[in-house]
Amino acid sequence: MNGFSGYALRQFELDIAPLDLGQTLGCGQTFRWRCQQDGSWIGILSNQVVELKEEDGLLRARADPGNGDIRREVCRYLRASDNVSEIQRILRKDKVIAPGIRKMRGLRIVKIDEWECLASYVLATYANIPRISKMIESIAREYGTKIREESYAFPSPHELGRASVKALAGCGLGYRAAYLNSLCREIDEQRLDELKKLGYEELREELIQLPGVGDKVADCVCLFGFGKLESFPIDVWIERALSRLYKQNGTYRSLREFAKDRFGKYAGYAQEYLYYNERTFASEGACMFTRT
DNA sequence: GCCCAGGAGTGTG
DNA sequence: CACACTCATGGG
């Protein structure tokens with residue numbers, strides 16, 4: 001079963017469209033959600049275990065007994081106030097990414113907790129998605145607050161800062177252990193609050209100063225952690241897509257300028273559609289959104 | 001066993 | 001600024 005007691009269970013139905021949980025939670029932008037046998041997804045929002053499921057065109061959200069406003073947390077996480085259809089309408093004018101939009105109509109860019117996103121993407125360098133998930137679960141289990149059986153909150157900078165580099169390496173982080181350890185000592189709640197006030201370009205410049213944060217990670221954190229939809233993270237897949245589909249080759253800086261001109265304030269969504277395009281192009285037929 | 005991974009940091013030409 | 005090299009391991 002799903003582990004929810006049912007006693008004093010909080011449950012809501014939400015009308016968020018377009019939305020496909022598999023496309024949204026399984027596309028690689030976020031790493032902790034798990035798909036159950038019945039198609040529901042279990043994750044953690046604001047230190048509470050939440051179950052999401054699509055039923056009859058609605059989104060059903062359930063959570064353990066508690067005090068937090070689950071409806072508000074889910075709406076914030078899924079960016080319910082974004083008009084994704086309108087964003088798609090705008091981006092669809094670009095015939096190159098139109099196919100990606102058709103296939104990923106239910107993908108929504110999520111709003112991850114700032115710190116969790118920053119730490120996660122520092123770990124995400126030069127690793128594949130299954131491993132990234134494993135690293136994150138490992139450090140949550142070791143250093144995060146236990147919410148319930150087999151569920152741990154993502155550890156705060158302070159909690160994670162208590163871990164030695166060697167201990168972090170023991171969680172399978174490899175060379176990323178040193179980056180994460182340094183990062184914990186440069187970030188606290190006050191610093192995060194300061195960063196939240198910044199616009200995209202300024203925020204990006206600040207993030208890039210942090211250990212283990214380069215161009216790509218900074219843009220991912222801007223996009224998924226701080227909600228800057230104009231951010232356009234360029235990884236190897238996007239690089240291939242830009243080369244193959246737009247004949248654009250060059251430095252990160254030049255490609256970023258191209259994306260800014262071409263996709264504007266919703267470049268983040270364009271990036272997702274291009275990413276999907278390129279990955280399916282690379283692995284003809286293989287489904288990358290496997291539900292385990 | 002082998003190859004590669006949603007890169008970043010550092011040093012060199 | 002552009003490139004090359006290294007970084008530590010686990011998935012496929």
Side-chain angles (χ1 to χ4, degrees), chain A residues 23-33 100 104 107 109-110 112 116-139 141-142 163-184 186-187 204-225 231-245 248-257 259 267-290 292:
Chain A
Q23 293 178 354
T24 299
L25 304 177
C27 72
Q29 58 176 327
T30 184
F31 304 105
R32 298 199 70 188
W33 290 88
M104 300 298 281
L107 181 152
I109 287 179
V110 297
I112 307 169
E116 176 176 343
C117 185
L118 174 58
S120 295
Y121 275 93
V122 165
L123 298 184
T125 66
Y126 206 50
N128 53 37
I129 293 173
R131 186 180 176 191
I132 298 165
S133 295
K134 199 170 179 181
M135 287 189 282
I136 293 171
E137 289 311 318
S138 184
I139 62 172
R141 181 178 303 271
E142 288 297 321
S164 68
V165 174
K166 184 174 290 185
L168 289 176
C171 291
L173 307 198
Y175 66 89
R176 306 164 193 83
Y179 293 150
L180 186 59
N181 182 267
S182 303
L183 188 63
C184 290
E186 295 203 26
I187 294 292
R204 186 176 191 284
E205 289 306 307
E206 290 297 319
L207 291 175
I208 225 164
Q209 304 295 325
L210 296 170
V213 181
D215 285 315
K216 188 266 180 180
V217 169
D219 278 324
C220 282
V221 176
C222 284
L223 180 58
F224 305 123
S231 181
F232 187 83
I234 303 168
D235 62 19
V236 290
W237 297 99
I238 298 301
E239 200 174 318
R240 289 169 196 162
L242 291 176
S243 176
R244 185 171 67 89
L245 302 171
Q248 291 295 315
N249 301 281
T251 63
Y252 197 100
R253 182 202 290 269
S254 66
L255 293 177
R256 198 164 74 88
E257 286 301 314
Y269 267 95
Q271 185 264 5
E272 288 294 339
Y273 302 132
L274 287 174
Y275 180 74
Y276 172 81
N277 256 340
E278 198 61 20
R279 294 212 59 156
T280 51
F281 178 80
S283 61
E284 295 289 345
C287 180
M288 57 176 289
F289 304 119
T290 326
T292 52

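Chain letters run A, B, ... following the sequence lines, proteins first and then strands; every chain starts at 1.
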Mind checking what makes ring-ring contact (aromatic ring centres under 6.0 Å, His included) contact with [X], not counting sequence neighbours?
| X | answer |
| --- | --- |
| Tyr121(A) | Phe31(A), Phe224(A) |
| Phe232(A) | Phe263(A) |
| Tyr273(A) | none |

Discussion item. Which residues in residues 206-219 of chain A have a heavy atom closer than 4.0 Å to any atom of DNA chain B?
Written reply: Leu210(A), Pro211(A), Gly212(A), Val213(A), Gly214(A), Asp215(A), Lys216(A), Val217(A)
If the condition is side chain to side chain donor-acceptor pair (under 3.5 Å), which residues does [X] pass it with, not counting sequence neighbours?
| X | result |
| --- | --- |
| Glu239(A) | none |
| Ser138(A) | none |
| Arg131(A) | none |
| Ser243(A) | Asn249(A) |

Response to the item:
The contact string for nucleotides 5-12 of chain C, one letter per nucleotide 5' to 3', using protein heavy atoms under 4.0 Å with B, S and - for base, sugar-phosphate only and none, comes out as --BBBSSS
Whole angstroms only, please: what is the [atom1]-[atom2] distance between [X] and [N]?
| X | N | atom1 | atom2 | value |
| --- | --- | --- | --- | --- |
| Asp235(A) | dA8(B) | CG | C1' | 14 Å |
| Glu239(A) | dA8(B) | CD | P | 12 Å |
| Asn249(A) | dC3(C) | CG | C1' | 15 Å |

Worksheet item: Would you find a donor on one side and an acceptor on the other, under 3.5 Å apart, between the side chain of Arg32(A) and the backbone of Ile136(A)?
Response: no
Can you check nucleotides 10-13 of chain B for protein contacts, nitrogen or oxygen pairs under 3.5 Å, and list what you find?
none

Worksheet entry | Sequence-distant partners of Arg240(A), salt bridge (Lys or Arg N to Asp or Glu O under 4.0 Å), two or more places apart | none
Worksheet item: Could you give all pairs that pass the side-chain hydrogen bond (donor to acceptor under 3.5 Å, both in side chains) test and reach residues 206-220 of chain A, with sequence neighbours left out?
Response: Arg191(A)-Glu206(A), Tyr200(A)-Asp219(A), Arg204(A)-Asp215(A), Arg204(A)-Asp219(A), Asp219(A)-Ser231(A), Asp219(A)-Tyr252(A)
Worksheet, complete the sentence: Paired with Leu118(A), the side chain to side chain contact (heavy atoms under 4.5 Å, CB included) test is passed by just one of Leu180(A), Leu123(A), Leu210(A), namely Leu210(A)
Fill in: P gap between dG11(B) and dA8(C), integer Å
16 Å
Worksheet item: If you check every side-chain atom of Thr125(A), which of dA5(B), dG7(B), dA2(C) has the closest atom?
Response: dG7(B)
